Amino acid sequence: MRLRQVHLDFHTSEAIGDIGQRFSKKQFQDMLKLGHVDSITVFSKCHHGWAYHPSEANEIHPNLSFDLLGAQIEAAHEIGVNTPVYLSAGLDEKLARRHPEWLIRDKQERTNWASDFMEPGYHQFCMNTPYLEMLADQVREVVERYDADGIFLDIVGVRECYCQFCIAEIRRRGSDPRNTADMQQLWEETYLKYGTAMDEAVHALKPDLPLFHNNGHIQRGRRDLAALNTHLELESLPTGGWGYDHFPLSARYAQGLGMDVLGMTGKFHQSWGEFGGFKHPNALRYETALSLANGAGCSVGDQLHPLGEMDPATYALIGEAYAEVEAKEEWCRDVVSVADIALVSAEATTTDFGDNARDRKAIAAADAGAVRVLLEGHYLFDIVDLESDWLHYKVVILPDCIGITPELQSKLNEFTAKGGKILATGRSGLLPDESAFALKLGAEWLGRSTFNPTYVRPHFELPALRPASFLVYANAYEIDLAETGKTLGNRQNPYFNRDLFTFSSHRHAPSDLQNAGPGITEGTDGIYAAWNLFADYAEYGSLPVKQILLHLLDRLLESAAGERTLHVDLPAQGIATLQAQPAANRRVLHLLYAPPVRRGKDTEVIEDLPLVKSTDVRLAEQRPVRELYLAPERQSLPFVQENGQVRCTVPEWSCHQMVVMEF
């Protein structure tokens, strides 16, 4: 897999003339060299629906007079750069106006993305229409006629649709469009039909050609959807709506699927299609390093000017980051994650509990808050689903809203039988009917608290704060202590909920300082905390909530394994990952640090990369370490190895530093 890719958009209106007239093979090649690019996704078809090459399956852009796709492939291959080819699959605005009956519709017959044809924007196609056959012909034509190094199909996934083709099909099956379960089954089958058609269009001709279907998100727990791809490209532009927490959440799951992974960011200040927008070079340096640290290659999004001339400022910007990636590649290929903790993704589970409602916002908050706590605690962790092997981990986290089905209980019983420990919060650990705990966490279930917010009084001191009653905004739950359980903290209630005749001060009533029962308990299987603590941290970022969770995780790691694998004194925003390279007989510790700041209304940017003081590292390692050095500098690093621990001090560094242990 190439590690230094550019994803080159070219969504170009027919209202613009002279398409590609400034394209130059030499200038194209010079920019790829300037950018240290080894792969570039070039374009067959854009969101406007036009082809950028002669075509019988589609129509060439009316203002393009030559084969731009062929010229780009020839130029790139001449200098050893790969060329996957892009086709817009879900959008085709040219065709949308000719066949609006093929578009996705909601129950009110509105289209998406644009809700009608009186506003500028694109309209998404349903794959349960004749459009699918036309798209397959377009893909097949590219594979037959061009020396593509892959196919990238955009704007696809399982889509809700009430177009008349879907309505007719569900009625043909003897069902009713008001039957949501049957409609969901149809939408799933529609996407599978699409995936099968694209697989045939590509792999009947070239069986080994890479193929990726982009939905902007790799859904955790849907390995069947991931399996439609030959590799994964994780679209995650931090300033484009994904944020800086999204990529670690996505990548820590994707690496465990056993597929090649690319992390896709952009050169833009914000997001796609932002001509003239640039992020700071330091941001791109950090974002590409973050991909490497998570076992992924790099892809940077750009958009070509309609005249076809590559932008020197863009490729100088990309080149600053990719020159560093190129120097680091030796230590970043063919790696596997080393982790102590498995975070079971709430998104990857299907428990509806007794209320039979999947709260997508709560699920997303549980996962996001857990990842943020783990990153800031500098733990080694993976994100797993129910098909993952959990037995090599020391601690499993069940964040906030994971009910225990028989299948999950069997996996957890096997895990705890081998000495593993569980941390559960909120409703996690309960049977799906919420009648009782399925796990031995030291608690007996009573039900949801009627108070909000509530307070936690830990029986341990937090590193940064004296003992106190700490506020928790998220939902609280009432429990009793189980016969064999131990209390690690109590719950306290406010004097009253804020209401018309019962309110005090500006926000909520203070704690009444009375013990309202256990709030944190410990049993033979692990620890339970009776609040949605991870969702609370995702939304509010409370210091006490974070430090309570860190204390509980450290306690469980000590109980399960004696201690955690990695101790490192990074700032809170620092990130640490550990990747093994089995073929090279080494491990690589990645240290990263860059503090995002808010600019404008809601854009997080990275501009400054402060120097990090010398960093003390302690790694658990029983094997004799032959050599320890910094990469890519290859600077030898003094270390001490004794009692199964390797200790070293990493001298002052910035942005990204790799520490290599060779055995």
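What's counted below: heavy atoms across the whole structure, side chains too, no hydrogens, waters or symmetry copies. All figures in this text were calculated on a predicted structure; none of them were measured in a lab.
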Enquirer: Taking the six-membered ring for Trp and the full ring for Phe, Tyr or His, determine whether the centres of Y122 and H47 are under 6.0 Å apart.
Expert: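 Yes.
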Enquirer: If you apply the rule side-chain contact (heavy atoms from CB on, under 4.5 Å), what do you find for F117 with R97, and how did you get there?
Expert: CA-CA 8 Å; F117 284 91; R97 292 184 176 271; 3.7 Å; yes
Enquirer: Any donor-acceptor pair under 3.5 Å linking the side chain of N58 with the backbone of G49?
Expert: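 Yes, because the side chain of N58 sits within donor-acceptor range (under 3.5 Å) of the backbone of G49.
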Enquirer: For the residue pair S39 / R2, report whether a side-chain donor-acceptor contact shorter than 3.5 Å exists.
Expert: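 The answer is no; no qualifying pair exists.
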Enquirer: Without swapping roles, check the side chain of W242 against the backbone of E235 for a donor-acceptor pair under 3.5 Å.
Expert: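 Side chain of W242 to backbone of E235: a pair is present.
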Enquirer: Testing the basics here: between A96 and H123, what is the closest heavy-atom pair and its distance to 0.1 Å?
Expert: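 Of all heavy-atom pairs spanning A96 and H123, the closest is CB-CB, 4.3 Å.
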Enquirer: Of all the heavy-atom pairs spanning M661 and L628, show the shortest one and how long it is.
Expert: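 Reported closest heavy-atom pair: CG-CD1, 3.0 Å.
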Enquirer: Is the shortest heavy-atom distance from the side chain of M310 to the side chain of L34 under 4.5 Å?
Expert: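 Not in contact.
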Enquirer: Compare all side-chain heavy atoms of Y322 with those of R4 and state whether any distance is below 4.5 angstrom.
Expert: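 Side-chain contact under 4.5 Å: yes.
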Enquirer: Do we see a donor-acceptor contact under 3.5 Å between the side chains of T12 and W50?
Expert: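 Absent: no donor and acceptor within the cut-off.
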Enquirer: Using modelled atom types only, decide if a donor and an acceptor are shared between the side chain of E274 and the backbone of H269 within a distance under 3.5 Å.
Expert: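 Confirmed, E274 side chain pairs with H269 backbone.
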Enquirer: Testing the basics here: between T111 and A114, what is the closest heavy-atom pair and its distance to 0.1 Å?
Expert: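 Closest approach of T111 to A114: OG1-O, 2.6 Å.
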Enquirer: What about the rings of W272 and H7, do their centers lie closer together than 6.0 Å?
Expert: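 Yes, close enough.
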Enquirer: Is it true that the side chains of E376 and H378 contain a donor and an acceptor less than 3.5 Å apart?
Expert: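 Their side chains do not contain a donor-acceptor pair, so the 3.5 Å distance test is not met.
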Enquirer: Nearest heavy-atom pair of G256 and R223: which atoms, and what distance?
Expert: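 Result for this residue pair: O-NH2, 4.4 Å.
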Enquirer: Here's a test for you: under salt bridge (charged side-chain N to carboxylate O under 4.0 Å, His left out), which of E662, E627, E330 qualifies with R634?
Expert: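 By the salt bridge (charged side-chain N to carboxylate O under 4.0 Å, His left out) criterion, R634 pairs with just one of E662, E627, E330: E330.
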Enquirer: Whether the D608 and H280 side chains hold a donor-acceptor pair (N or O, under 3.5 Å, no angle test) is what I'd like checked.
Expert: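 There is no such pair (donor and acceptor under 3.5 Å, judged by atom type) between the side chains of D608 and H280.
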Enquirer: For residues 287-319, which residue pairs qualify under ring pair (Phe, Tyr, Trp, His ring centres under 6.0 Å), counting only residues two or more places apart or in two chains?
Expert: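 Checked against ring pair (Phe, Tyr, Trp, His ring centres under 6.0 Å) - neighbours excluded - no pair reaches residues 287-319.
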Enquirer: Does the ring center of H11 lie less than 6.0 Å from the ring center of Y86?
Expert: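 Yes, they do, as the ring centres are separated by less than 6.0 Å.
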Enquirer: Who are the salt bridge (Lys or Arg N to Asp or Glu O under 4.0 Å) partners of D137, not counting sequence neighbours?
Expert: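 Expected list: R140.
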Enquirer: Would a line drawn from the ring center of Y146 to the ring center of H53 be shorter than 6.0 Å?
Expert: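 Aromatic pair counts; centres sit under 6.0 Å.
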Enquirer: Can you find a heavy atom in the side chain of D18 that is under 4.5 Å from one in the side chain of N63?
Expert: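 In short, these two side chains do not touch, never coming nearer than 4.5 Å.
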Enquirer: Drop me the distance from Q72's CD to L68's CG, to the nearest 0.5 angstrom.
Expert: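 These two atoms lie 4.0 Å from each other.
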Enquirer: Hey, does L566 have a side-chain heavy atom less than 4.5 Å from the side chain of L589?
Expert: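 Touching, per the 4.5 Å side-chain cut-off.
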Enquirer: Could you pull out all residues at least two apart from E78 that satisfy salt bridge (Lys or Arg N to Asp or Glu O under 4.0 Å)?
Expert: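 With sequence neighbours excluded, E78 shows a salt bridge (Lys or Arg N to Asp or Glu O under 4.0 Å) to K25, given in chain and number order.
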Enquirer: Passes side-chain contact (heavy atoms from CB on, under 4.5 Å), E347 versus Y253? Steps please.
Expert: CA-CA 11 Å; E347 182 184 77; Y253 175 70; over 6 Å; no
Enquirer: Taking C298's backbone N and O only, do any of them form a donor-acceptor pair with S291's side chain (distance below 3.5 Å, no angle check)?
Expert: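 Flag not set: sc S291 to bb C298 has no pair under 3.5 Å.
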Enquirer: Looking just at side-chain N and O atoms, do S88 and D154 make a donor-acceptor pair shorter than 3.5 Å?
Expert: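 The answer is no; no qualifying pair exists.
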Enquirer: In chain order, what residues pass the side-chain hydrogen bond (donor to acceptor under 3.5 Å, both in side chains) check against E320, with sequence neighbours excluded?
Expert: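 Scan of E320 (side-chain hydrogen bond (donor to acceptor under 3.5 Å, both in side chains), adjacent residues dropped) gives none.
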Enquirer: Can you measure from CD1 (I318) to OG1 (T288) and round to the nearest 0.5 angstrom?
Expert: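 I318 atom CD1 to T288 atom OG1 measures 10.5 Å (nearest 0.5 Å).
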Enquirer: Compare all side-chain heavy atoms of F23 with those of F28 and state whether any distance is below 4.5 angstrom.
Expert: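 Yes, at least one pair of side-chain atoms sits under 4.5 Å.
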Enquirer: Is a side-chain N or O of N294 found less than 3.5 angstrom from the main chain of A296, in a donor-acceptor match?
Expert: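 No; zero donor-acceptor contacts below 3.5 Å.
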Enquirer: Do H99 and Y131 have ring centres separated by under 6.0 Å?
Expert: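 Ring-ring flag for H99/Y131: false, centres at least 6.0 Å apart.
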Enquirer: Taking the side chain from D9 and the backbone from Q303, do they hold a donor-acceptor pair closer than 3.5 Å?
Expert: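 Looks like no, no N/O pair under 3.5 Å.
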Enquirer: For a salt bridge (charged side-chain N to carboxylate O under 4.0 Å, His left out) check, start with the C-alpha distance between K94 and D92, then their side-chain angles and the critical distance, and finish with the verdict.
Expert: CA-CA 6 Å; K94 158 179 57 66; D92 185 323; 3.7 Å; yes
Enquirer: Let me know which of M1, E329, E326 forms a side-chain contact (heavy atoms from CB on, under 4.5 Å) with D38.
Expert: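 Testing D38 for a side-chain contact (heavy atoms from CB on, under 4.5 Å) against M1, E329, E326 leaves exactly one candidate, E329.
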Enquirer: Report the residues that fulfil side-chain hydrogen bond (donor to acceptor under 3.5 Å, both in side chains) with H656, sequence neighbours left out, ordered by chain and then residue number.
Expert: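 Here the qualifying residues are K328, H590.
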Enquirer: Tell me, with the steps shown, if T615 and L570 meet side-chain contact (heavy atoms from CB on, under 4.5 Å).
Expert: CA-CA 7 Å; T615 306; L570 286 173; 4.2 Å; yes
Enquirer: Is a side-chain donor or acceptor of E309 paired with a backbone partner of R22 at a separation under 3.5 angstrom?
Expert: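 Checked: no pair found.
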Enquirer: Mark yes or no for whether R252, through its side chain, and F381, through its backbone, hold a donor-acceptor pair below 3.5 Å.
Expert: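 Side chain of R252 to backbone of F381, a donor-acceptor pair under 3.5 Å: yes, one is there.
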Enquirer: Quick one: is the NZ or CZ of K267 closer than 6.0 Å to the six-membered ring centre of F278, and within 45° of its axis?
Expert: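 Verdict for F278: a cation-pi partner in K267.
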Enquirer: Under 3.5 Å, side chain of H61 to main-chain N/O of S13, donor-acceptor pair present?
Expert: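 A pair under 3.5 Å: yes.
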Enquirer: For a quick test of reading the model, state the closest non-hydrogen atom pair linking S337 to D382 and the distance between them.
Expert: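 Smallest interatomic distance, heavy atoms only, reads OG-OD1, 2.7 Å.
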Enquirer: Carefully, step by step, assess M264 and Q5 under the rule side-chain contact (heavy atoms from CB on, under 4.5 Å).
Expert: CA-CA 9 Å; M264 182 190 292; Q5 181 164 289; 5.7 Å; no
Enquirer: Compile the donor-acceptor pairs under 3.5 Å between side chains in residues 600-607 and protein atoms, sequence neighbours left out, one pair per line.
Expert:
residue: T603; atom: OG1; partner: Q270; partner atom: NE2; Å: 2.8
residue: E607; atom: OE1; partner: R599; partner atom: NH1; Å: 2.9

Enquirer: Side chain of Q579, backbone of A293: donor and acceptor closer than 3.5 Å?
Expert: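 Side chain of Q579 to backbone of A293, a donor-acceptor pair under 3.5 Å: yes, one is there.
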Enquirer: May I ask you to check whether over 12 heavy atoms, not counting those of E119, lie within 6.0 Å of atom CD?
Expert: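 Yes - once you tally the heavy atoms of other residues, nucleotides and ligands closer than 6.0 Å, there are more than 12.
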Enquirer: Find the distance between OG (S44) and CD1 (I73) and round it off to the nearest 0.5 Å.
Expert: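 Rounded to the nearest 0.5 Å, the OG-CD1 separation comes to 9.0 Å.
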Enquirer: May I ask you to test the L232-L257 pair for a side-chain heavy-atom distance under 4.5 Å?
Expert: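 Touching, per the 4.5 Å side-chain cut-off.
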Enquirer: When rounded to the nearest 0.5 angstrom, what is the spacing between CG in L153 and CG in L228?
Expert: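 Nearest 0.5 Å value for the CG-CG distance: 11.0 Å.
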Enquirer: Find out whether L249 and I383 are in side-chain contact, i.e. whether some heavy atom of one side chain is under 4.5 Å from a heavy atom of the other.
Expert: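 Yes, their side chains come closer than 4.5 Å.
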Enquirer: Side-chain contact test, heavy atoms from C-beta onward, threshold under 4.5 Å: evaluate it for T649 versus V617 and give yes or no.
Expert: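 No, every pair of side-chain atoms sits at 4.5 Å or beyond.
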Enquirer: Name the orientation class of the two ring planes belonging to F10 and F43 (parallel below 30°, tilted from 30 to 60°, perpendicular beyond 60°).
Expert: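 Aromatic pair F10/F43 classed parallel.
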Enquirer: Work out which heavy atom in V338 is nearest to a heavy atom in L380; give both atom names and the distance.
Expert: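 Heavy atoms only, the tightest pair is O-CB, 3.6 Å.
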Enquirer: Under a 3.5 Å threshold, yes or no: a donor from one side chain and an acceptor from the other, between E141 and S55?
Expert: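 Short answer, yes.
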